[in-house]
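These notes concern the structure reproduced below.
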Amino acid sequence: MIRSRLSALLSHGLSAAQAAGAIAATPPVTFSLERREDDLAHYSSSEALRLARIVGAPPRTIAEAIVAHLPPAPEVSRVETAGPGFINFWIDDVWVLDQLREIVHTGTAYGGSNHGEGASVQVEYVSANPTGPLTAGAGRGGVVGDALARLLETCGYDVTREYYVNDAGHQVEILGLSVYHHYAATLGEEAPFPADGYQGDYIAEWATRIARDDGSRWLGNGVPSNPRAFEARAVEIGLAEIRRDLDDLGIEFDVWFSEQAMRDRGAVEEVIQTLDGRGFVAERDGAIWFIGGAGEDDRENVLVRSRGDPTYFAVDIAYHQDKFAARGFERVIDVWGADHHGHVPRMHAAMQALDASADTARLEILVTQMVGIRTDGELGRQGKRSGRFVTLREVLDEVGPAATRYFFLSKAIDSQMEFDLELAKREDPENPVYYIQMAHARCAGIQRTATTARTADGAASLTADDVALARRLLAFPEVVEDACLNREPHRVAHFLLELARVFHSYYNKHRVVTDDAVRTARRLELVRAVRQVLANGLGLLGIAAPERM
RNA sequence: GCCCCCGUAGCUCAGUGGACCAGAGCGACGGCCUUCUAAGCCGUGGGUCGCAGGUUCGAAUCCUGCCGGGGGUGCCA
């Protein structure tokens with residue numbers, strides 16, 4: 001990685017300058033570098049400006065002293081100080097082109113690292129209630145969680161992908177009664193539709209399906225003959241539809257975690273008892289409350305209702321206790337929708353109560369912002385109970401998996417985004433994702449043209465455009481690392497768009513396959529490397545890299 | 001009321017302490033197909049970075065207030 005090489009160089013330079021007495025001693029400094037790729041520099045560090053305050057010397061003087069003591073390095077062709085005290089680097093052309101072989105050789109692993117050192121991480125995402133089809137918003141959480149999991153794996157973490165299935169509790173009861181209402185009707189019986197019941201058309205469809213497959217065996221007196229089993233039947237159908245949507249989006253899970261199964265194990269009672277033992281529980285008004293104390297959330301929240309059943313909060317505490325205590329994940333990342341963000345502080349407070357010594361950073365909760373869906377020019381209110389929402393399926397059918405994934409992954413997760421279905425339909429062929437895929441297909445096309453193998457030996461006259469393209473490829477591992485550490489997959493999407501732009505431009509300006517055997521060989525190596533980086537990057541986003549378009 | 005997120009080009013969004021960092025895509029306008037895919041390339045136009053203060057050598061980026069949009073604030077999940 002160029003960035004870390006330069007950082008190390010600067011550290012050496014600083015030490016040497018300090019040993020020579022040119023700069024006052026300081027605590028160890030980590031030099032950050034910014035990739036610029038413009039007329040000013042390839043890479044630049046502003047660390048001397050920050051050092052000025054610590055050292056008590058003008059930044060320019062510090063920068064010059066560091067530069068004067070830099071050890072020689074083959075990758076650096078030029079280094080100079082500029083402006084108020086920037087240290088600017090230019091990367092050596094020959095060195096850059098030499099790295100292409102390494103990229104091609106590393107292949108699909110290029111861009112990865114062992115940063116995670118095998119640490120176990122659980123990423124939990126989607127986890128939508130199986131009470132209806134996935135909404136478009138759930139799709140956002142899905143692709144974000146999926147891309148994060150891919151990034152973490154590439155960076156050397158041991159990743160477990162998990163979907164928490166809310167197959168128990170109040171909303172499942174409501175679901176059961178909602179479906180039963182239609183089920184009974186199909187069989188000529190009458191059953192009340194519950195207050196707050198699910199209104200979507202799909203409820204009737206599910207009921208019809210159950211009546212067709214199971215006959216009248218669920219008919220009871222106004223309620224299902226076996227409510228729990230009937231609910232499970234409805235959940236089964238809901239989950240199957242969810243799985244199909246996720247499948248089409250290329251999202252997979254290692255674990256489908258059942259809330260019901262966890263409850264049946266007595267995990268909820270157990271965790272409440274543990275909290276009680278630590279003095280975080282109080283009883284009032286016939287209910288049992290969590291008193292978080294001096295945590296992030298000083299509000300008190302109900303764990304067990306006065307009618308005796310646990311709240312969603314209590315169950316979720318038990319679930320997270322299971323992640324850490326029972327299954328021993330070193331780190332857990334939850335991807336939640338914006339409508340749950342108020343739940344974040346009390347979840348952290350509860351985790352702290354369970355294990356005060358635990359590093360709170362072990363639980364990261366990422367909140368993806370709302371996806372507003374614009375239909376007929378109007379921002380619609382989304383709600384599963386009301387049955388008024390745009391489904392992920394609709395979006396998938398309109399724009400396809402690649403464009404859907406790219407759309408969600410090209411924006412920072414904390415930006416509220418607007419999805420205009422009509423616009424998405426119209427702009428379909430113009431979607432940037434095809435631009436990136438096209439770049440990959442063009443690489444493949446060039447390789448098809450170059451049928452005979454040529455040797456890459458010998459000096460060839462390559463242009464500054466060749467080198468600039470190659471240098472960009474070397475930034476890929478840096479982008480991957482940043483995207484992973486900051487939990488920002490959209491950085492990869494933007495890098496790919498930029499790379500595709502540079503490549504398309506290059507493609508129009510320069511021919512790869514020509515009579516010049518040596519140059520052709522070198523450019524083919526460049527193209528192979530470009531193709532590899534595009535493929536690896538698209539892979540991280542879960543988007544196909546087609547050979548032809 | 002209180003809490004969280006957002007406010008950057010006509011639209012959708014990057015950039016969140018650095019010096020051409022005021023950007024990309026789409027849309028608009030004008031060019032380019034006998035050579036590796038025109039799903040492409042080249043060029044033009046377009047923004048007081050919501051507003052007002054403050055901190056800093058330096059602010060779209062940090063702080064405060066205000067305005068606007070969204071979400072949360074339940075013994076729902």
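Because the structure is predicted, anything quoted here is derived from the model rather than measured. Convention: sequence-line order gives letters A, B, ...; per-chain numbering from 1.
Here, B:C5 and B:G15 have their P atoms 16 Å apart, quoted to the whole Å. Using C1' as the reference atom, B:G50 and B:C67 are 7 Å apart when rounded to the nearest Å. Look at the C1' atom in both B:G7 and B:C13: the space between them is 12 Å, to the nearest Å. The P atoms of B:C6 and B:G25 are separated by 25 Å, rounded to the nearest whole Å. Annotation: B:C4 and B:G43 have their P atoms spaced 45 Å apart (nearest Å). Annotation: B:G27 and B:U12 have their P atoms spaced 15 Å apart (nearest Å). One P atom belongs to B:A14, the other to B:G31, and the distance between them is 34 Å to the nearest Å. Annotation: B:U56 and B:C63 have their P atoms spaced 16 Å apart (nearest Å).
Closest contact between the side chain of A:Gln171 and the listed nucleotides B:C42, B:C20, B:A77 involves B:A77. Considering only the side chain of A:His341, B:G71 comes nearest among B:U56, B:A24, B:G71. Distances were taken from every side-chain heavy atom of A:Tyr434 (C-beta onward) to each of B:C75, B:A14, B:A39; the shortest belongs to B:A39. Of the candidates B:U12, B:C57, B:C41, the closest approach to any side-chain atom of A:Ser505 belongs to B:C41. When each of B:G40, B:A77, B:C75 is scored by its nearest atom to the side-chain atoms of A:His340, the top-ranked nucleotide is B:A77.
Among the atoms of the strands shown, none is found under 4.0 Å from any heavy atom of A:Ile288. The residue A:Arg50 sits close to a base: some heavy atom pair falls under 4.0 Å. Within 4.0 Å (heavy atoms only), A:Ser306 reaches at least one base atom of the nucleic acid. A:Ala52 comes within 4.0 angstrom of nothing in the nucleic acid, heavy atoms only. In this structure, A:Asp39 reaches the bases: a heavy-atom distance under 4.0 Å links it to at least one base atom across the strands shown. Within 4.0 Å of A:Glu34, counting heavy atoms only, lies at least one base atom of the nucleic acid. Among the atoms of the strands shown, base atoms are found under 4.0 Å from some heavy atom of A:Asp285. Residue-level contact check: A:Arg523 touches neither bases nor backbone, having no heavy atom under 4.0 Å from any strand. Using a 4.0 Å heavy-atom criterion, one finds that A:Ala338 contacts the sugar-phosphate atoms exclusively.
Enclosure of atom CD in A:Gln273 is not indicated, since only 12 or fewer non-hydrogen atoms of other residues, nucleotides or ligands lie within 6.0 angstrom.
Atom P of nucleotide B:U73 and atom CG of A:Asn301 are separated by 11 Å, given to the nearest angstrom. Distance, A:Phe313 CZ to B:G72 P: 18 Å, rounded to whole Å. In this structure, CD of A:Glu37 is placed 16 Å from P of B:G23, rounded to the nearest angstrom. Between A:Ile365 atom CD1 and B:G71 atom P the separation is 21 Å, expressed in whole Å. When the P atom of B:C4 is taken as reference, atom NE2 of A:His343 falls 18 Å away, rounded to whole Å. The CG atom of A:Asp196 sits 11 Å away from the P atom of B:C76 (whole-angstrom rounding). Atom CZ of A:Arg36 and atom C1' of B:A19 are 7 Å apart (whole Å). In this structure, A:Arg346 atom CZ and B:C75 atom C1' are separated by 12 Å, rounded to whole Å.
A 3.5 Å limit on both hydrogen-bonding distances identifies B:G23 as the Watson-Crick or G-U partner of B:C13. With a cut-off of 3.5 Å on both Watson-Crick or G-U wobble distances, the partner of B:G74 is given as none. Of all nucleotides present, only B:A52 satisfies the Watson-Crick or G-U wobble test against B:U64, with each distance under 3.5 Å. Both distances falling under 3.5 Å, in either a Watson-Crick or a G-U wobble arrangement, place B:U44 opposite B:A28.
Where A:Tyr312 and A:Leu497 meet RNA chain B, the nucleotide closest to each residue was compared, and A:Leu497 sits on the side nearer the 5' end. The residue among A:Lys411 and A:Val304 whose nearest nucleotide of RNA chain B lies closer to the 5′ end is A:Lys411.
Salt bridge present: A:Glu488 and A:Arg491 bring a charged side-chain N and a carboxylate O closer than 4.0 Å. A:Lys323 and A:Asp334 are joined by a salt bridge, as a carboxylate oxygen and a charged side-chain nitrogen come within less than 4.0 angstrom of each other. Salt bridge present: A:Glu547 and A:Arg531 bring a charged side-chain N and a carboxylate O closer than 4.0 Å. Look at A:Glu34 and A:Arg3 and you find no salt bridge, because none of the NZ, NE, NH1 or NH2 atoms lies under 4.0 Å from a carboxylate O. Checked for salt-bridge contact, A:Glu231 and A:Arg228 miss the test: no charged N lies under 4.0 Å from a carboxylate O. Here A:Arg78 pairs with A:Glu80 in a salt bridge; the nearest charged N to carboxylate O distance falls below 4.0 Å.
Phosphate contact (OP1/OP2 of B:G15, side-chain N/O of A:His490, threshold under 4.0 Å): present. Taking side-chain N and O atoms only, A:Arg305 has a distance below 4.0 Å to OP1 or OP2 of B:A77. Proximity of A:Ser410 to the phosphate of B:G25: no side-chain N or O atom is located under 4.0 Å from OP1 or OP2.
Taking the six-membered ring where the residue is Trp, A:His340 and A:His343 present perpendicular rings, their angle passing 60° and hence far from 30°.
A:Asp167 and A:Gln260 are not linked by any side-chain donor-acceptor pair at a separation below 3.5 angstrom, with hydrogens and angles left out of the test. For the residue pair A:Gln437 and A:Tyr406, no side-chain donor N or O sits within less than 3.5 Å of a side-chain acceptor on the partner. Side-chain polar atoms of A:His42 and A:Arg471 form a donor-acceptor pair below 3.5 angstrom.
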- Per-nucleotide protein contact along nucleotides 28-38 of chain B, 5' to 3', at a 4.0 Å heavy-atom cut-off (B base, S sugar-phosphate only, - neither), is -------BBBS
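Judged by distance alone, with hydrogens and angles left aside, A:Asn88 brings a side-chain donor or acceptor within reach of the base of B:A19, the pair sitting under 3.5 Å.
Regarding the sugar-base torsion, B:C29 falls in the anti class, its angle being beyond 90° of 0.
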